[in-house]
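To start, the structure itself, in structure tokens.
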Amino acid sequence: YVGQWKRGKAHGDGSYTTETSKYTGQWLDDNKDGGGKEEWTDGCAYEGQYRRGSKHGEGVFKWTDGSIYRGQFFHNRVEGDGGFQWEDGRHFQGQWKSNRMN
């Protein structure tokens, strides 16, 4: 972890790198919290809001095949209003529940 600390915990702006991913963004009490960007070594990426370490709020997730989801997340799940675009250009806009079109 490289970034700001508060009482021995990641807090404020910072970045954390593992063997499989890198997160750059806001931290609160050692958790990803606020706006941030996470990129994985397989090429997938997420940019958006986090809460207590989970994707939560508005965000964009991009898969390596070119598919993209833009919309709401709830505790790491695609949930709420959002749009998904497949790599071939097809698109779905609407409600999601537990990572599924609803």
Aromatic plane relationship, [Y] with [X] - under 30° parallel, 30 to 60° tilted, over 60° perpendicular:
| X | Y | value |
| --- | --- | --- |
| F73 | Y46 | perpendicular |
| F74 | H56 | tilted |
| W27 | Y1 | perpendicular |

What is the minimum heavy-atom distance between [X] and [Y], and which atoms define it?
| X | Y | answer |
| --- | --- | --- |
| Q26 | G35 | OE1-N, 2.7 Å |
| S98 | E79 | N-OE1, 3.1 Å |
| E19 | T41 | O-CG2, 3.4 Å |
| G12 | Q4 | CA-OE1, 3.1 Å |

Tell me if a side-chain donor or acceptor on [X] pairs with a main-chain N or O of [Y] at a distance below 3.5 Å.
| X | Y | answer |
| --- | --- | --- |
| E38 | Y23 | no |
| N76 | K55 | yes |
| D42 | C44 | yes |
| D30 | A10 | yes |

Residues joined to V60 in its hydrophobic cluster, side chain to side chain under 4.5 Å directly or through other members, sorted by chain and number, are I68
Out of curiosity, [X] [atom1] to [Y] [atom2], how far, rounded to the nearest 0.5 Å?
| X | Y | atom1 | atom2 | value |
| --- | --- | --- | --- | --- |
| K22 | K37 | NZ | NZ | 10.0 Å |
| D29 | R7 | CG | CZ | 7.0 Å |
| K32 | T24 | NZ | OG1 | 10.5 Å |

Exercise. Are Y16 and Y50 connected in the hydrophobic side-chain network, where two residues link if heavy atoms are under 4.5 Å apart?
Worked result: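 The answer is yes; both residues are in one hydrophobic cluster.
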For the CZ atom on R70, are there more than 12 heavy atoms of other groups (residues, nucleotides or ligands in this structure) within a distance under 6.0 Å?
no
Donor-acceptor pairs under 3.5 Å, side chain of residues 82-94 to any protein atom, not counting sequence neighbours: which ones?
| unit_1 | atom_1 | unit_2 | atom_2 | d |
| --- | --- | --- | --- | --- |
| E87 | OE1 | S67 | OG | 3.2 |
| D88 | OD1 | R90 | N | 3.0 |
| D88 | OD1 | R90 | NE | 3.2 |
| D88 | OD2 | R90 | NE | 2.9 |
| Q93 | NE2 | G82 | O | 3.4 |

Q.
Walk me through whether Q72 and E58 qualify under side-chain contact (heavy atoms from CB on, under 4.5 Å).
A. CA-CA 5 Å; Q72 297 174 331; E58 294 291 321; 3.0 Å; yes
side-chain contact (heavy atoms from CB on, under 4.5 Å) between M101 and W96, intermediate numbers included:
CA-CA 5 Å; M101 292 176 253; W96 295 77; 3.5 Å; yes
Applying side-chain hydrogen bond (donor to acceptor under 3.5 Å, both in side chains) to R52 and not counting sequence neighbours gives none
